[in-house]
Amino acid sequence: MSSFKSDFLRTLSERGFIHQISDEQGLDALFAKETVTAYIGFDPTAPSLHAGGLIQIMMLHWLQKTGHRAVSLMGGGTGMVGDPSFKDDARQLMTVETIEANIASIKRVFSNYLTYGEGPTDARMINNADWLRELNYLEFLRDVGRHFSVNRMLSFDSVKTRLDREQSLSFLEFNYMILQAYDFVELAKRYDVRLQMGGSDQWGNIVNGIDLGHRMGTKQLYALTSPLLTTASGAKMGKSVNGAVWLNADMLGPYEFWQYWRNTEDADVERFLKLYTTLPMDEIARLAQEAKGSAINEVKKLLATEITALLHGRAAAEAAAETARKTFEEGGIAADLPTVEVPAAELAGGIGVLAAFAEKTGLVASNGEARRQVKGGGLKVNDATVTDDKAVLSERDLTPEGVIKLSLGKKKHVLLKPV
RNA sequence: GGGGGAGUGUCCCGAGCGGCAAAGGGGGCGGACUGUAAAUCCGCUGGCUAUGCCUUCGUAGGUUCGAGUCCUACCUCCCCCA
């Protein structure tokens, strides 16, 4: 590990957040000397960030913790264009309404990690729509566009994939990197931002901003990127058993969020403790030491609880851990497993198993899939494997707790509750 | 403007002499083994009121008993020439 003098870079470095820095010594000196303002941009492509974005939020978190000023930039303007970096094909264009709604929804998560306000080390939430949407095309071309060389832009890896595959890269998308570069300069002017951070896929875009800053007379700007997140076996981060690992609670409950981290691969445990929890380094080292063989499961639970506590609060995290304990270790029924309510009268009339799994709980996508899962032995009702796809559920199937437990595989459970 | 090529299962990549619900991967899901891990092996991976019916190969027509496959027009993309 390189020996950084500043708290911020040392912390990021020892926790494994750093992939590339534009000028290590220069940036380190800056952080050691003064309060630095740094930002990360978030694109409003969905109503919630997912686990992949967590690493960026954690970087801002440490930035604030070490006494600097964090800026979370919402891409209300750039979202109208769409980032083509390393994408295979063009994104669907989003309407302004969708973008605004997504931003409003995404924002909710940030205050769990950062303290916002007007004070010197309070974080700020800024939307680049503030300046991008008012740009005058001709002025922009003359002031900013003239500093960009298309020859150079074409050489970036981020667009090469698209070009190599002979897929179209629209002029609209091609402009994304110019807008992002301009953002950096604008933030430098307005808020004295000196550093932009992001995933390693953003390197080209960030460096463009630094160059533009040179030409437009800002102070020296810096870039810092985090490694691309994959699990030890190479899968992309942020995909869970049933889709993306959303951060917003209304899209993914604390229990399911906890489960995602509980299922971390052995080889990732220590890395994730460093990246996603705020546990001190010496404690992480101690935990990693302990985690030999199946004892690692205890560490995984702690990992899951710590990460969930940061996002959803300590109480919700512990409730999730308890639900998991009851469900997996006692084989019992925990009241706060995901629950679907059905009218008591409907249950009295009988509900086909296939319909219960497909339509009621959505554990499987269709009756056909439910049928296939029955064939493969993947569905269970109250822990008994379903063998007959014509079986019908009724009040007789209610457990003493007054629910019916439906399971897909060993890990996904939903309770059916008559009301 | 002229010439040449491409678009396949709504996750992706990709084969496809006129009989095709469409090869093969990857990914995903389930099963076995385990530790709610990884690796490995096996099964599944259009929909439905289901020995049948419906919808799928860029879009719309046409030829044919029958079209992903042949013809026409259009859309989108790539390459070459102007």
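Naming convention: chains lettered A, B, ... in sequence-line order (proteins, then strands); numbering from 1 in each chain. Keep in mind that the numbers below use all heavy atoms, side chains included, and drop hydrogens, waters and symmetry copies. Being a predicted model, the structure only gives us computed values, none of them experimental.
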Practice task
Please determine if A:E14 and A:R10 form a salt bridge, counting it only when a charged side-chain N lies under 4.0 Å from a carboxylate O.
Solution key: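 Salt bridge flag = no for A:R10 with A:E14.
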Handout entry: Residues A:E306, A:R314: salt bridge by 4.0 Å N-O rule
Key = yes
Determine the Euclidean distance between corresponding [atom1] atoms of [M] and [N]; express it in Å to zero decimal places.
N     : M     : atom1 : answer
B:C20 : B:C12 : P     : 26 Å
B:C13 : B:G18 : C1'   : 27 Å
B:A21 : B:A67 : C1'   : 15 Å
B:C74 : B:G7  : C1'   : 14 Å
B:A60 : B:G68 : P     : 13 Å
B:G19 : B:C71 : P     : 16 Å
B:A38 : B:G27 : P     : 13 Å
B:U69 : B:C77 : P     : 23 Å

Whole-Å distance between [N] [atom2] and [X] [atom1]?
X      : N     : atom1 : atom2 : result
A:L363 : B:C29 : CG    : C1'   : 12 Å
A:W261 : B:G35 : CH2   : C1'   : 20 Å
A:L408 : B:G43 : CG    : C1'   : 15 Å
A:Y260 : B:G28 : OH    : P     : 11 Å
A:H413 : B:G30 : NE2   : P     : 11 Å
A:K300 : B:G35 : NZ    : P     : 12 Å
A:N263 : B:A37 : CG    : P     : 6 Å
A:E298 : B:A37 : CD    : C1'   : 14 Å

Handout entry: Residue whose closest nucleotide on RNA chain B lies nearer the 5' end, A:A365 versus A:F328
Key =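 Residue closer to the 5' terminus by nearest nucleotide: A:F328.
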Output a table of nitrogen or oxygen pairs between the protein and nucleotides 32-34 of chain B separated by less than 3.5 Å.
residue, atom, partner, partner atom, Å
B:A32, OP2, A:K410, NZ, 2.8

I'd like to check the side-chain contact (heavy atoms from CB on, under 4.5 Å) partners of [X]; sequence neighbours left out, ordered by chain and number.
X      : result
A:S226 : A:I55, A:Q56, A:M59
A:I21  : A:F4, A:L9, A:I18, A:E24, A:L27, A:L224
A:K417 : A:T339, A:V403
A:E329 : A:K301, A:R325

Nucleotide opposite [N] in a Watson-Crick or G-U pair, distances under 3.5 Å:
N     : result
B:C20 : none
B:C53 : B:G47
B:U76 : B:A6
B:G66 : none
B:A32 : B:U40

Practice task
Check whether any side-chain N or O of A:K412 sits under 4.0 Å from OP1 or OP2 of B:G30, and answer yes or no.
Solution key: yes
Problem - side-chain N/O A:K411 vs B:A37 OP1/OP2, d < 4.0 Å - result: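 Yes, within the criterion.
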Handout entry: Residue pairs fulfilling ring-ring contact (aromatic ring centres under 6.0 Å, His included) with at least one residue in residues 383-409 of chain A, sequence neighbours excluded
Key =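 Matches after skipping sequence neighbours: none remain.
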Got a sec, which residues hit salt bridge (charged side-chain N to carboxylate O under 4.0 Å, His left out) with [X], two or more places apart in sequence or on another chain?
X      : value
A:E283 : A:R286
A:D250 : A:R108
A:D211 : A:R152

Practice task
Pull out every residue in residues 347-361 of chain A that has a heavy atom closer than 4.0 Å to any atom of RNA chain B, ordered by number, or say none.
Solution key: none
Handout entry: Any residue of residues 366-389 of chain A with a heavy atom less than 4.0 Å from an atom of RNA chain B
Key =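 The answer is A:S366, A:N367, A:G368, A:R371, A:R372, A:Q373, A:G376, A:G377, A:G378.
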Exercise for the section: Would you check, one step at a time, whether the test ring-ring contact (aromatic ring centres under 6.0 Å, His included) holds for A:Y255 with A:H312? Expected result: CA-CA 10 Å; A:Y255 169 73; A:H312 295 297; over 10 Å; no
Practice task
Have a look at A:T264 and say if it touches a base, only the backbone sugar-phosphate, or nothing, with a 4.0 Å heavy-atom cut-off.
Solution key: sugar-phosphate
Practice task
For A:A295, report the nucleic acid contact type (base, sugar-phosphate, nothing); a contact means any heavy atom under 4.0 Å.
Solution key: nothing
Exercise for the section: Using ring-ring contact (aromatic ring centres under 6.0 Å, His included) as the criterion, list what pairs up with A:F184, not counting sequence neighbours. Expected result: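 ring-ring contact (aromatic ring centres under 6.0 Å, His included) list for A:F184, sorted by chain: A:Y39.
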Completion exercise
Assigned chi class of B:C17 under the 90° convention is anti
Exercise for the section: Check every atom of B:G30, B:U36, B:G35 against the side chain of A:N297 and return the nucleotide holding the closest atom. Expected result: B:G35
Problem - Value rounded to 0.5 Å, distance of CH2 in A:W261 from CG in A:D268 - result: 9.5 Å
Completion exercise
What one should report as the nearest heavy-atom pair of A:G76 and A:R133 is O-NH2, 2.7 Å
